[in-house]
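We count residues from 1, following the sequence as given. Side chains included, hydrogens not; waters and symmetry mates left out as well; all remaining heavy atoms used.
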Amino acid sequence: GLSSVTVEGTDVSAGRRAFYYCTGLRTVSVTGSLSSVGEMAFANDSALTALPELSGVDAIGAQAFYQCSSLTEIELSQGLLQIGDEAFSGCSTAASEVVIPESLTAENTGANLFYGCRNLRSVRIPDHWTAIPDGMFYLCSGLEETVEFPENLTSIGAQAFRGSGK
């Protein structure tokens, strides 16, 4: 099956289910620029070990990397403006640390974003956020080191930290 993909060109969008259920896909190289990642674009790609270059991405669709259980890190674009529900849900071995970019707002962040990311240990949330979305860190059982809450926080969503920490 498909094990490697190279994306060339500028302003390329990975559409809805573009690489859905490519269980043998291990690497995605981007030689140009990726502008968006559609809904379920890489969902269930269980062998994918690293995210494609996301530095130019301003939108990530719902479940874009759902159940990518071999990912080892999650680095979000500093220009990210929107991310859908469960975008990284089930990425159980991914990212011991995640920094939410300043460009992203809580209102444009989907529910259950890191659901089941058991390896997540530390997270930094932008200072301008006033809310934590529903289920954002649900079942992030490794989340025990650091969660930096914004000073202006007024709301923590339903089940935002359920089953997190030890």
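Under the 3.5 Å distance criterion, the side-chain polar atoms of Ser164 are left unmatched by any main-chain donor or acceptor of Ser141. Checking side-chain atoms of Trp129 against main-chain N and O of Glu151 turns up no donor-acceptor pair under 3.5 Å.
In this structure Glu53 satisfies the side chain to side chain donor-acceptor pair (under 3.5 Å) test together with Ser55, sequence neighbours excluded. Legend: residues meeting side-chain contact (heavy atoms from CB on, under 4.5 Å) with Leu81, ordered by chain and number and at least two apart, are Asp58, Ser103. Partners of Gln67 according to the side chain to side chain donor-acceptor pair (under 3.5 Å) rule, which considers only residues two or more places apart in sequence or in another chain, do not exist here. Residues satisfying the side-chain contact (heavy atoms from CB on, under 4.5 Å) test with Ala160, not counting sequence neighbours, are Ile132, Ile156. Ser92 pairs by the side chain to side chain donor-acceptor pair (under 3.5 Å) definition with nothing, not counting sequence neighbours. Scored by the side chain to side chain donor-acceptor pair (under 3.5 Å) test, Ser13 finds Ser36 as partners (sequence neighbours excluded). Residues satisfying the ring pair (Phe, Tyr, Trp, His ring centres under 6.0 Å) criterion with Phe65, sequence neighbours excluded, are Phe42, Phe88. With sequence neighbours left out, the side-chain contact (heavy atoms from CB on, under 4.5 Å) criterion links Ala111 to Asp85, Asp134. By the side-chain contact (heavy atoms from CB on, under 4.5 Å) test, Ser89 is found to be paired with Tyr66, Glu86, Tyr115, residues two or more places apart in sequence or in another chain being considered.
Donor-acceptor pairing under 3.5 Å is lacking for the side chains of Ser96 and Asn119.
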Might you work through the side-chain contact (heavy atoms from CB on, under 4.5 Å) test for Leu71 and Thr49, ending with a clear yes or no? CA-CA 4 Å; Leu71 283 179; Thr49 58; over 6 Å; no
Could you go through the side-chain contact (heavy atoms from CB on, under 4.5 Å) check for Val28 and Leu51 one step at a time? CA-CA 7 Å; Val28 178; Leu51 293 176; over 6 Å; no
Between Leu80 and Ile60, is a side-chain contact (heavy atoms from CB on, under 4.5 Å) present by the stated rule, with each step listed? CA-CA 8 Å; Leu80 188 63; Ile60 296 175; 3.9 Å; yes
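Rounded to the nearest 0.5 Å, atoms CD1 (Ile100) and CD1 (Ile125) are 6.5 Å apart. We find the CG-CG distance between Leu139 and Leu120 to be 12.5 Å, quoted to the nearest 0.5 Å.
For residues 21-31, every residue pair satisfying the side chain to side chain donor-acceptor pair (under 3.5 Å) rule, not counting sequence neighbours, is listed here: Ser4-Thr27. Note on residues 71-84: no pairs pass side chain to side chain donor-acceptor pair (under 3.5 Å), not counting sequence neighbours. Within the structure, every pair that satisfies the salt bridge (Lys or Arg N to Asp or Glu O under 4.0 Å) test and touches residues 34-45, not counting sequence neighbours, is listed here: Arg16-Glu39.
Of the residues Leu104, Thr105, Thr109, the one that meets the side-chain contact (heavy atoms from CB on, under 4.5 Å) test with Glu107 is Thr105.
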